[in-house]
Amino acid sequence: MMDRVRIAPSPTGPLHIGTARTALFNFLHARHVEGTFVLRLEDTDVARSTLAFEKDILEGLHWLGMDWDEGPEVAGDGSRGPYAPYRQMQRLPSYAAAAELLLAADQAYPCFCTSEELAADRQAQEAAKLPPKYVGRCAGLTSEERAAFVAEGRRGALRFRVGEGVVAFDDLVRGHVEIDVSNLGGDFVIVRSDGTPLYHFTVVVDDAAMQITKVIRGEDHLSNTPKHILLFRALGYQVPEFAHLPLILNADRSKMSKRKSQTALDDYIAQGFIREALVNYLALLGWSSGNEDEVLSIDEIIARFDINAIHKGGAVFDRERLEWLNGQWIRRLEPDELIDRLRPFVAAELAAGRIERMPSDEELRSLLPVVQERLPTLGAIGDLVGFLWVEDVAVEPAMLVPKRWDVETTRAGLAAARELIAHAGAVSFEADELEPPLRALAEARGWKAGDLFMAIRVAVTGRTATPPLFDTLVALGHERALARIDRAVEVLDGG
RNA sequence: GCCCCCAUCGUCUAGAGGCCUAGGACGCCACCCUUUCAAGGUGGAGAUCAGGGGUUCGAAUCCCCUUGGGGGUACCA
């Protein structure tokens with residue numbers, strides 16, 4: 001079956017993790033069935049829509065690895081696909097035509113109620129403990145009455161007649177759903193009094209125009225679906241199938257929101273989450289492969305994706321699990337790939353003044369063996385080995401002294417270690433050459449090797465948790481290693 | 001309020017009547033590995049399958065009720 005699905009974001013904010021997930025499910029289904037994935041921008045909320053957000057959304061989807069078969073080429077302009085344009089504000093004529101059709105058939109009518117009247121109605125209904133609903137004041141206006149309003153200079157909004165009855169549909173994930181039209185809140189506005197169309201209207205006109213066969217979207221639209229179905233029918237369009245995805249939740253199980261969670265994809269990218277992990281994680285929120293495989297590439301997910309296996313219950317966004325998956329995927333990256341992805345994060349450290357020079361690709365490459373399995377996110381690189389890229393590290397005297405040692409022992413340990421390291425470095429400076437003599441030194445003095453190593457570690461890095469010591473010394477280089485030990489001894493002496 | 005949807009370890013989930021004294025993963029704890037930190041390995045705690053009724057020889061799985069949670073209810077999308 002040639003399914004056509006779509007993601008229809010509103011450029012009223014940066015790409016939201018929930019939008020990305022909905023896009024992903026549409027994309028996965030499209031690719032799994034070899035259908036068509038359409039991207040449409042719903043920018044009818046002119047006041048809140050911006051080109052910057054549009055750009056952010058398109059770039060974010062691309063970054064995640066989702067390419068659309070039809071849709072805007074880039075932010076601002078350019079479209080590809082037979083149903084262009086794919087921006088609603090450029091499709092105004094088609095909404096106007098559809099509105100005209102409904103008006104002519106009296107399935108919609110102009111409403112001249114003022115916002116004050118509407119607010120008063122709502123207040124009265126609330127006071128009477130009744131559900132809010134349009135009272136239908138303008139539903140029966142004669143053409144003379146309408147003309148009179150127009151003569152007054154008032155411009156009407158267009159309301160759709162919902163009529164009576166029960167709307168039923170078979171949701172691909174929820175099963176059979178029925179909603180009585182009387183619960184829809186009365187005749188609803190489809191075109192504002194300023195002439196711009198509203199979401200419930202445009203979404204139907206466009207899904208029909210773009211031949212969408214399956215509408216895969218968040219569960220928050222489930223209750224609105226009858227409105228859409230009514231519109232599809234009134235316009236004489238074929239009703240598509242629906243699949244309502246479970247919501248992504250905050251820790252308190254309410255709908256994921258900016259207020260309680262980090263929702264902008266950009267923020268995850270900035271922290272060093274990689275696309276493989278994000279895609280993998282998002283796909284597993286509300287869907288599972290059915291077996292115990294969890295670390296899956298996008299291609300593996302496409303191969304296994306099944307719209308019928310989508311869950312019904314909402315899923316709490318668990319950042320810890322995302323981080324674990326991110327680590328899994330960072331460890332799977334090829335060296336060159338990892339270096340490429342790490343570079344901007346090192347540059348960011350430099351820009352932030354946390355390091356003082358930019359390491360070369362070769363230097364980064366030499367670090368990969370000790371760094372790759374220690375990065376939960378790319379953004380952790382500075383914290384992990386940033387001490388390599390600064391001239392001096394700040395060393396706390398107290399931290400310098402291992403738990404079992406006193407100041408005097410530490411001084412002696414560092415001094416003796418310095419001699420050995422200086423000597424070792426005279427020949428070659430490699431991790432294998434460093435360990436035996438230092439271990440021997442500890443044994444000769446009756447020290448625990450770990451204590452000696454810890455003193456050196458803190459001396460050269462300023463921290464107690466680092467990659468393996470000997471690799472660290474080598475990465476630091478002979479000269480700097482010695483200099484830092486000298487400096488640490490000074491610090492110990494109260495310098 | 002009204003309408004709709006949902007309900008398995010803290011979290012993501014496996015489970016589509018007997019394979020379940022409910023499996024995996026994250027997180028947590030312990031141990032192993034080990035120079036610290038990670039990674040990795042092993043093991044453990046953690047769910048009377050929200051509660052109550054049915055149906056059935058047999059229910060986490062089917063039905064009903066209750067409870068809880070969520071979503072919707074705009075001239076936002």
Side-chain angles (χ1 to χ4, degrees), chain A residues 8-13 42-45 47-49 111 113-115 118 122 125-126 128-134 156-159 171 173-175 177-180 182-186 188-194 196-200 202-203 218-226 244 246-247 249 251-255 281 284-295 311-325 327 331 370-376 384 402 435 438-439 442 448-454 456-458 461 463-470 472:
Chain A
S10 266
T12 54
E42 309 215 323
D43 54 357
T44 54
D45 185 348
R48 294 193 300 147
S49 296
C111 170
C113 294
T114 62
S115 51
L118 261 16
R122 186 153 315 156
Q125 286 159 346
E126 215 166 287
K129 299 232 182 245
L130 290 167
K133 181 173 189 166
Y134 177 59
L158 194 63
R159 276 186 194 273
D171 191 279
V173 349
R174 318 250 146 209
V177 178
E178 291 187 353
I179 296 179
D180 194 303
S182 65
N183 295 311
L184 259 29
F188 58 92
V189 176
I190 56 177
V191 179
R192 295 183 180 90
S193 48
D194 69 1
T196 56
L198 254 9
Y199 170 75
H200 294 309
T202 57
V203 74
E219 192 196 334
D220 44 354
H221 282 106
L222 188 62
S223 298
N224 293 145
T225 303
H244 286 92
L247 261 23
L249 276 21
D252 64 5
R253 305 202 74 87
S254 55
K255 181 164 82 164
Y281 182 70
L284 259 21
L285 276 188
W287 173 81
S288 72
S289 63
N291 59 37
E292 287 172 357
D293 299 340
E294 296 187 293
V295 182
H311 310 150
K312 297 177 179 180
V316 173
F317 190 90
D318 181 3
R319 191 193 164 92
E320 303 251 37
R321 194 170 154 81
L322 205 212
E323 278 194 19
W324 169 75
L325 259 182
R331 273 163 238 140
V370 297
V371 135
Q372 189 157 17
E373 68 188 28
R374 289 181 170 74
L375 287 172
L384 226 202
E435 183 166 358
L438 285 167
R439 235 174 237 294
K448 294 201 71 166
D451 289 336
L452 207 219
F453 296 166
M454 183 54 85
I456 302 171
R457 166 177 296 111
V458 175
T461 68
R463 18 200 348 162
T464 54
T466 71
L469 179 62
F470 307 107
T472 300

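Each chain gets a letter, A, B and so on, in the order its sequence line appears, and its residues count up from 1. All values derive from a computational prediction rather than experimental measurement.
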Heavy atoms under 4.0 Å, any strand shown: does [X] hit a base, just sugar-phosphate, or nothing?
X: A/F470; value: base
X: A/P9; value: nothing
X: A/E126; value: nothing
X: A/R463; value: nothing
X: A/S10; value: sugar-phosphate
X: A/G185; value: nothing
X: A/L247; value: sugar-phosphate
X: A/L384; value: nothing
X: A/D45; value: sugar-phosphate
X: A/G290; value: sugar-phosphate
X: A/P468; value: base
X: A/R174; value: sugar-phosphate
X: A/G327; value: nothing
X: A/L469; value: base

Do [X] and [Y] have side-chain heavy atoms sitting under 4.5 Å apart?
X: A/E294; Y: A/R321; answer: yes
X: A/D43; Y: A/S10; answer: no
X: A/L198; Y: A/R192; answer: yes
X: A/W324; Y: A/P376; answer: no
X: A/V189; Y: A/L158; answer: no
X: A/V203; Y: A/E42; answer: yes
X: A/R174; Y: A/E219; answer: yes
X: A/V191; Y: A/T196; answer: no

Report the distance from atom [atom1] of [X] to atom [atom2] of [N], rounded to the nearest whole Å.
X: A/L249; N: B/G10; atom1: CG; atom2: C1'; result: 15 Å
X: A/Y134; N: B/C2; atom1: OH; atom2: P; result: 25 Å
X: A/F453; N: B/U34; atom1: CZ; atom2: P; result: 13 Å
X: A/D180; N: B/C2; atom1: CG; atom2: P; result: 15 Å
X: A/W324; N: B/A25; atom1: CH2; atom2: P; result: 9 Å
X: A/R439; N: B/U34; atom1: CZ; atom2: P; result: 10 Å
X: A/L325; N: B/U11; atom1: CG; atom2: P; result: 18 Å

Examine the base of [N] for any acceptor or donor lying under 3.5 Å from a partner atom in the side chain of [X], and report the outcome as yes or no.
X: A/R321; N: B/A25; result: yes
X: A/S254; N: B/G70; result: no
X: A/D43; N: B/A77; result: no
X: A/S193; N: B/C75; result: yes
X: A/R374; N: B/C37; result: yes
X: A/E294; N: B/G24; result: yes

Closest to the [X] side chain: [options]?
X: A/H221; options: B/A77, B/G71, B/U11; result: B/A77
X: A/E373; options: B/A38, B/G1, B/U36; result: B/A38
X: A/L198; options: B/C12, B/C76, B/C5; result: B/C76
X: A/R192; options: B/A77, B/A39, B/C26; result: B/A77
X: A/E435; options: B/U35, B/A38, B/C12; result: B/U35
X: A/N224; options: B/G72, B/G10, B/A39; result: B/G72
X: A/S223; options: B/G71, B/C37, B/A77; result: B/G71

side-chain N/O [X] vs [N] OP1/OP2, d < 4.0 Å:
X: A/K255; N: B/G72; value: yes
X: A/R122; N: B/U73; value: no
X: A/R253; N: B/C12; value: yes
X: A/S288; N: B/A14; value: yes
X: A/H311; N: B/C6; value: no
X: A/H200; N: B/A74; value: no

Determine the interatomic distance between [atom1] on [N] and the same-named atom on [M]; round to the nearest Å.
N: B/U55; M: B/G69; atom1: P; result: 31 Å
N: B/C6; M: B/C65; atom1: P; result: 14 Å
N: B/C19; M: B/G72; atom1: P; result: 40 Å
N: B/G71; M: B/C12; atom1: P; result: 15 Å
N: B/C32; M: B/C20; atom1: P; result: 33 Å
N: B/A60; M: B/A47; atom1: C1'; result: 11 Å
N: B/C5; M: B/A38; atom1: C1'; result: 43 Å
N: B/U48; M: B/C4; atom1: P; result: 31 Å

Discussion item. Parallel, tilted or perpendicular, judged at 30° and 60°: which one describes the rings of A/F453 and A/F470?
Written reply: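 A/F453 and A/F470: perpendicular rings.
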Item to complete: Kindly indicate, with the supporting measurements, whether the criterion salt bridge (Lys or Arg N to Asp or Glu O under 4.0 Å) is fulfilled by A/R48 and A/D45.
Response: CA-CA 6 Å; A/R48 294 193 300 147; A/D45 185 348; 2.7 Å; yes
Worksheet, complete the sentence: Between A/T44 and A/A449, whichever has its closest RNA chain B nucleotide further toward 5' is A/A449
Fill in: 5′-ward residue of the pair A/L222/A/T464 relative to RNA chain B
A/L222
Quick one: look up who [N] pairs with, Watson-Crick or G-U, both distances under 3.5 Å, and put none if it's unpaired.
N: B/A7; answer: B/U67
N: B/U73; answer: B/G1
N: B/A14; answer: none
N: B/G46; answer: none

